[in-house]
Chemist: 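Once you've had a glance at the structure underneath, I'll fire off some questions.
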Amino acid sequence: MKITILTLFPEMFDGFLTNSIIKRAIGKKVVEVNIVNIRDYTLDKYGRVDTPPVGGGAGLIMKCQPIVDALKANASEGARKILLSPRGKQFTQEFAVKFAKLDEIVLVCGHYEGVDERVNNYIDETISIGDYVLTGGEIGAMAIADSIIRLQDGAITDVSLNEESFNDNLLEYPQYTEPKDFDGHKVPDILYTGNHTAIEKYRRKESLKITREYRPDLYAKHELTKQDKKLVQELDQNDDNPKWLEDALNKGKKFTK
């Protein structure tokens with residue numbers, strides 16, 4: 001089996017790869033593990049892999065170009081490409097068993113405040129290791145890789161295997177970076193209007209939409225505000241262009257060209 005991990009901090013995996021069961025499994029050629037530095041693929045003239053989010057907000061967002069190019073260069077056509085994200089289904093032993101049967105997986109480690117939303121167009125699924133905050137996806141990638149490697153034939157004894165037994169309950173809204181149009185996938189015009197009230201409302205609606213779709217268990221715990229109920233009603237009615245959004249776009253046309 002081949003496991004490729006895309007990360008901004010490859011040195012974090014030094015200890016992981018050179019100790020215990022993982023080291024022996026690699027030495028016995030039970031598994032091949034490749035650590036890829038995403039920074040090696042940036043086309044930014046200053047070597048940047050992150051940038052402030054379009055539309056404003058805290059922190060830095062990982063740009064899509066370096067990640068996508070790293071994926072294209074290191075993932076074979078049949079590889080299962082996985083993004084570590086709180087949006088994903090929670091990783092369980094069931095996932096470990098399923099992934100262990102694959103020939104190749106690629107784990108993408110996010111960092112900073114997240115990754116450009118458009119990266120999701122290039123991965124097969126998102127996985128979370130739990131409802132808590134880490135500084136990046138590296139620890140999660142180690143956990144997933146470890147659980148998969150130990151299930152490979154020859155990694156550990158069969159006997160050992162046989163004896164084994166968020167904030168406000170909403171996921172974060174989509175984040176984007178420049179350029180506005182990447183490979184045909186565009187940043188929503190509302191984020192260029194400079195209308196922070198409308199942007200906040202749009203992002204709230206997206207959070208509700210994503211949480212309800214990807215994590216209904218979290219959504220069920222969320223107490224809807226009066227505004228939330230109106231936004232959910234728009235979602236239920238498939239109203240993608242409500243009046244408040246149309247007004248904001250019309251007022252901000254000069255910024256969205």
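What you are looking at is a predicted structure, and each value in this text was computed from that prediction instead of being measured. Residue numbers run from 1 in the order of the sequence given. Side chains are part of it too, since the values below use all heavy atoms of this structure and drop only hydrogens, waters and symmetry mates.
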Chemist: Start with the C-alpha gap between Glu113 and Asp50, add the side-chain angles, then the distance that decides, and say whether side-chain contact (heavy atoms from CB on, under 4.5 Å) holds.
Modeler: CA-CA 10 Å; Glu113 287 295 316; Asp50 59 300; over 6 Å; no
Chemist: Could you check Asp153, Ile148, Ile149 and say which one makes a side-chain contact (heavy atoms from CB on, under 4.5 Å) with Met1?
Modeler: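 Among Asp153, Ile148, Ile149, the one meeting side-chain contact (heavy atoms from CB on, under 4.5 Å) with Met1 is Ile148.
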Chemist: Are the charged groups of Arg118 and Asp183 less than 4.0 angstrom apart, N to O?
Modeler: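 Result for this pair is no, no salt bridge flagged.
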Chemist: Are any of the side-chain heavy atoms of Trp244 and Lys230 separated by less than 4.5 Å?
Modeler: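 Side-chain contact under 4.5 Å: no.
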Chemist: With a 4.5 Å cut-off on side-chain heavy atoms, are Leu231 and Lys209 touching?
Modeler: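 No; the side chains remain at least 4.5 Å from each other.
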Chemist: Is it the case that atom CD in Glu200 sees more than 12 heavy atoms from other parts of the structure closer than 6.0 Å?
Modeler: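 Counting other residues, nucleotides and ligands, CD of Glu200 stays at 12 neighbours or fewer.
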Chemist: Mind checking what makes ring pair (Phe, Tyr, Trp, His ring centres under 6.0 Å) contact with Phe16, not counting sequence neighbours?
Modeler: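 Listed in chain order: nothing, the list is empty.
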Chemist: Can you run down the salt bridge (charged side-chain N to carboxylate O under 4.0 Å, His left out) pairs that involve residues 84-98, sequence neighbours left out, and say none if there aren't any?
Modeler: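 Pairs touching residues 84-98 that pass the test: Arg87-Glu117.
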Chemist: Which value, rounded to the nearest 0.5 Å, describes the distance between Thr51 atom OG1 and Met62 atom CE?
Modeler: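 The CE atom of Met62 is 12.5 Å from OG1 of Thr51, to the nearest 0.5 Å.
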Chemist: Look at the side-chain heavy atoms of Ile, Leu, Val, Met, Phe, Trp and Tyr, link any pair under 4.5 Å apart, and say whether Val30 and Ile21 land in one connected group.
Modeler: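 No: no chain of side-chain contacts under 4.5 Å links Val30 to Ile21.
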Chemist: Considering only heavy atoms from C-beta outward, does the side chain of Leu43 approach that of Asp69 to under 4.5 Å?
Modeler: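 Answer yes - side chains close enough.
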Chemist: Just wondering, more than 12 heavy atoms not from Asp14 lying within 6.0 Å of its CG?
Modeler: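 Count over threshold, so yes.
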Chemist: To the nearest 0.5 angstrom, please state how far the CD atom of Glu213 sits from the CG atom of Leu171.
Modeler: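 Going from CD on Glu213 over to CG on Leu171, the span is 10.5 Å.
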Chemist: Membership question, hydrophobic clusters at under 4.5 Å side-chain separation (ILVMFWY): are Ile61 and Val49 in the same one?
Modeler: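 As far as the 4.5 Å side-chain criterion goes, Ile61 and Val49 are not connected within one cluster.
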Chemist: Under 3.5 Å, is there a donor-acceptor pair between the side chain of Ser207 and the main chain of Tyr173?
Modeler: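 Yes, Ser207 side chain to Tyr173 backbone: donor-acceptor pair under 3.5 Å.
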Chemist: For the pair Lys81 (side chain) and Ala75 (backbone), establish whether a donor and an acceptor sit closer than 3.5 Å, ignoring hydrogens and angles.
Modeler: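 Side chain of Lys81 to backbone of Ala75, a donor-acceptor pair under 3.5 Å: no, none is there.
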Chemist: When you look at Lys63 and Asp116, which way does the salt bridge (Lys or Arg N to Asp or Glu O under 4.0 Å) test go after all the steps?
Modeler: CA-CA 6 Å; Lys63 302 174 70 172; Asp116 188 306; over 6 Å; no
Chemist: So, taking the atom named CD1 in Ile190 and the one named CG in Leu245, what distance separates them when rounded to the nearest 0.5 Å?
Modeler: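 Reported value, rounded in 0.5 Å steps: 5.0 Å.
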Chemist: Please test His111 against Ile38 for side-chain contact (heavy atoms from CB on, under 4.5 Å), starting from the C-alpha separation and ending with a verdict.
Modeler: CA-CA 11 Å; His111 217 81; Ile38 296 172; over 6 Å; no
Chemist: Apply side-chain contact (heavy atoms from CB on, under 4.5 Å) to residues Tyr122 and Ile67 and explain how you reach the verdict.
Modeler: CA-CA 9 Å; Tyr122 301 88; Ile67 298 175; over 6 Å; no
Chemist: Under 4.5 Å between any side-chain heavy atoms of Met12 and Ile35, yes or no?
Modeler: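 The answer is no, as the side chains (C-beta and beyond) never meet within the 4.5 Å cut-off.
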Chemist: Tell me whether Tyr112 shares a hydrophobic cluster with Tyr132, the cluster being built from Ile, Leu, Val, Met, Phe, Trp, Tyr side chains joined at under 4.5 Å.
Modeler: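 Result: yes, single cluster for both.
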Chemist: Give me the ring orientation class for Phe91 and Phe99: parallel if the planes are under 30° apart, tilted from 30 to 60°, perpendicular past 60°.
Modeler: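 Phe91 vs Phe99 ring planes: parallel.
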Chemist: Verify, without hydrogens or angle tests, whether Gln65 (side chain) and Thr42 (backbone) share a donor-acceptor contact under 3.5 angstrom.
Modeler: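 Checking the backbone N and O of Thr42 against the side chain of Gln65, no donor-acceptor pair under 3.5 Å is found.
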Chemist: Would you give the length of the straight line joining atom CG of Leu134 to atom CD1 of Ile129, rounded to the nearest 0.5 angstrom?
Modeler: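 So the CG of Leu134 and the CD1 of Ile129 are separated by 5.5 Å.
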Chemist: Does Tyr214 share a hydrophobic cluster with Ile82, counting links as ILVMFWY side-chain heavy atoms below 4.5 Å and allowing steps through other members?
Modeler: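 Tyr214 and Ile82: separate clusters.
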Chemist: With rounding to the nearest 0.5 angstrom, report the OH to CG distance, Tyr202 to Asn195.
Modeler: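 Going from the OH atom of Tyr202 to the CG atom of Asn195 covers 14.0 Å.
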Chemist: Would you please test Lys180 and Asp189 for side-chain contact (heavy atoms from CB on, under 4.5 Å) and show each step?
Modeler: CA-CA 9 Å; Lys180 181 177 181 181; Asp189 285 339; 3.1 Å; yes
Chemist: Find out if a path of hydrophobic residues (ILVMFWY) with successive side-chain heavy-atom gaps under 4.5 Å connects Val54 to Phe182.
Modeler: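 Val54 and Phe182: separate clusters.
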Chemist: Can you tell if the side chain of Thr211 reaches within under 4.5 Å of the side chain of Asn169, non-hydrogen atoms only?
Modeler: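 A side-chain contact is absent here, since even the closest heavy-atom pair is not under 4.5 Å.
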Chemist: Do Ile210 and Arg212 come within less than 4.5 Å of each other through their side chains, counting heavy atoms only?
Modeler: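 Not touching, per the 4.5 Å side-chain cut-off.
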Chemist: Drop me the distance from Leu6's CG to Asn74's CG, to the nearest 0.5 angstrom.
Modeler: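 Between Leu6 CG and Asn74 CG, I get 6.0 Å after rounding to 0.5 Å.
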Chemist: Are there more than 12 heavy atoms of other residues, nucleotides or ligands under 6.0 Å from atom CD of Glu11?
Modeler: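 More than 12 within 6.0 Å, yes.
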Chemist: Could you check Asp239 against Lys205 for salt bridge (Lys or Arg N to Asp or Glu O under 4.0 Å), going step by step and ending with a plain yes or no?
Modeler: CA-CA 11 Å; Asp239 188 356; Lys205 183 175 179 179; 5.9 Å; no
Chemist: Regarding Lys226 and Asp228, does a basic nitrogen lie under 4.0 Å from an acidic carboxylate oxygen?
Modeler: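 Between Asp228 and Lys226 there is no salt bridge, as every charged N stays at least 4.0 Å from the carboxylate O atoms.
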